[in-house]
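Each remark here refers to the structure printed beneath this line.
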Protein chains: 2
Amino acid sequence: MNNKQAAEILSDYLKKGKHRITPERFEVLDAAIEYEGHFTADELYIFMKNNNSNVSRATVYKTLELLTACKLISLRNFGDNMNRYESNFKRKQHDHLLCLDCGRIVEFTDNKVNKIQEDISENLGFTSSSYSFNIFVRCKNKANCPHYND
Amino acid sequence: MNNKQAAEILSDYLKKGKHRITPERFEVLDAAIEYEGHFTADELYIFMKNNNSNVSRATVYKTLELLTACKLISLRNFGDNMNRYESNFKRKQHDHLLCLDCGRIVEFTDNKVNKIQEDISENLGFTSSSYSFNIFVRCKNKANCPHYND
DNA sequence: ATTGCTGCAAAACGTTTGCACCTAT
DNA sequence: ATAGGTGCAAACGTTTTGCAGCAAT
């Protein structure tokens, strides 16, 4: 998926609903794709402001909901009671390991997680929709700990 | 573990730190044990108020942190940006399945989850601390959906 | 022309904090 | 006596909302 394809997905999604196609929404999409790593709505708003965008905070919040709905970005909750997003641009499915010492967020993939999620849902009589799996860890060697984020 | 044992665990924990033993803290502990299902700090505060307690909201919030620290209760994040707790009284470790249709929260246990969490942490060079695993589902048969919570 | 969207500021929400008084040690 | 806890209300930070003007259909 490239930016143009992403724009098309958003465009299609908007047309299907009673949504309008506005330049602001594509500005938010572009920023979300360009942003490195995970971001909160406010972080993206500041990022856009710094890049001379005039899109308002309210519009950023609302558009991120739309982008999540059409799966162009993913909503993540890392247990700090804030909505974090990450673009699905050129990404494969993954979960997160979060270091409580240095704040690092490491992505990992384990096929067993998906299987467990589907099995449990089925066994309990539900249709699986999505899941959230976060592992919280400590640095094994604090001396090597880089103390950076994302 | 009974209520008396729980009180002893709290008591020991408080003594070990530079914390004081106050009646308010044991009131919060009792309420947390008595409360059915998962609760937010505010819900517990209201629950206590209704049971003629005069413990303040601030004390409830702070005490829940202490109870979490000494593992008498567990902090859960279900993706709605609110801190939810549940007492560990007579409970074994479990994870949660949350129905987006009816709000039901079903507990399940799968030993593979714990193993995955430990393996991933180890493989990436960390010491595993805790994890959060939530499965979001839809009712298979909406007609049977009871629409109750917890 | 209609209906949805934007931007702004204000409100909402759960949670945290400052502070004066109180209490366990 | 002193360090820590409590209760109250105010502050906080993120998110949502109300509304007047604007723009896509």
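Sequence lines set the chain letters: A, B, ... in the order given, protein chains first and strands last, and positions in each chain run from 1.
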request  = Start with the C-alpha gap between B:F136 and B:N134, add the side-chain angles, then the distance that decides, and say whether side chain to side chain contact (heavy atoms under 4.5 Å, CB included) holds.
outcome  = CA-CA 6 Å; B:F136 300 96; B:N134 296 315; 4.1 Å; yes
query = Apart from B:M82 itself, what residues make up its hydrophobic cluster when side-chain heavy atoms of I, L, V, M, F, W and Y under 4.5 Å apart count as a link, directly or indirectly?
reply = none
request  = Starting at the 5' end of nucleotides 18-25 of chain D, put B wherever the base has a protein heavy atom under 4.0 Å, S where only the sugar-phosphate does, and a dash everywhere else.
outcome  = -----BBS
request  = Strictly below 4.0 Å, heavy-atom distances to any atom of DNA chain D: list the hits from residues 74-82 of chain A, or just say none.
outcome  = A:M82
request  = Please tell me if the side chains of A:S121 and B:R138 come closer than 4.5 Å, counting only heavy atoms from C-beta onward.
outcome  = no
Closest-nucleotide 5' rank along DNA chain D - winner of B:K18 and B:T59 = B:K18
task = Name the first nucleotide and the last nucleotide along DNA chain C (5' to 3') that come under 4.0 Å of a heavy atom in chain B.
result = C:dG14 to C:dT25
task = Show your reasoning for whether side chain to side chain contact (heavy atoms under 4.5 Å, CB included) applies to A:Y35 and A:E43.
result = CA-CA 10 Å; A:Y35 201 105; A:E43 283 167 354; 3.9 Å; yes
key: Partner residues of A:F78 under the ring-ring contact (aromatic ring centres under 6.0 Å, His included) criterion, sequence neighbours left out   = A:H38, A:H96
task = Can you pull out how bent the helix from C:dA1-D:dT25 to C:dT25-D:dA1 is, comparing the axes over its first five and last five pairs, to 10°?
result = 30°
task = Each residue besides B:I116 in its hydrophobic cluster should be listed here, by chain and number; the cluster joins Ile, Leu, Val, Met, Phe, Trp and Tyr at side-chain heavy-atom distances under 4.5 Å.
result = A:L97, A:V106, A:F108, A:V113, A:I116, A:I120, A:L124, A:F126, A:Y131, A:F133, A:I135, A:V137, B:L97, B:V106, B:F108, B:V113, B:I120, B:L124, B:F126, B:Y131, B:F133, B:I135, B:V137
query = What are the two closest non-hydrogen atoms of B:S129 and A:L100, and how far apart are they?
reply = OG-CD1, 3.7 Å
message = Tell me every residue that passes salt bridge (charged side-chain N to carboxylate O under 4.0 Å, His left out) with B:E122, counting only those two or more places apart in sequence or in another chain.
response = A:K140
request  = Can you tell me the distance, in whole Å, between the OH atom of A:Y45 and the C1' atom of D:dT14?
outcome  = 14 Å
request  = Specify the separation, in whole Å, of atom CG of A:L64 and atom C1' of D:dT14.
outcome  = 13 Å
request  = Go through the structure and list residues passing side chain to side chain contact (heavy atoms under 4.5 Å, CB included) with B:N83, not counting sequence neighbours.
outcome  = A:N81, B:L75, B:N77, B:Y85
Separation of D:dG7 C1' from B:N54 CG (nearest whole Å) = 10 Å
key: Pairing residues for A:D12 by the salt bridge (charged side-chain N to carboxylate O under 4.0 Å, His left out) criterion, not counting sequence neighbours   = none
message = Could you tell me if the side chain of B:R25 sits less than 4.5 Å from the side chain of B:L14, heavy atoms only?
response = yes
remark   = Hits for salt bridge (charged side-chain N to carboxylate O under 4.0 Å, His left out) against B:R20, two or more places apart or cross-chain, chain-then-number order -> none
key: Set of residues satisfying salt bridge (charged side-chain N to carboxylate O under 4.0 Å, His left out) with respect to A:D42, sequence neighbours excluded   = A:R57
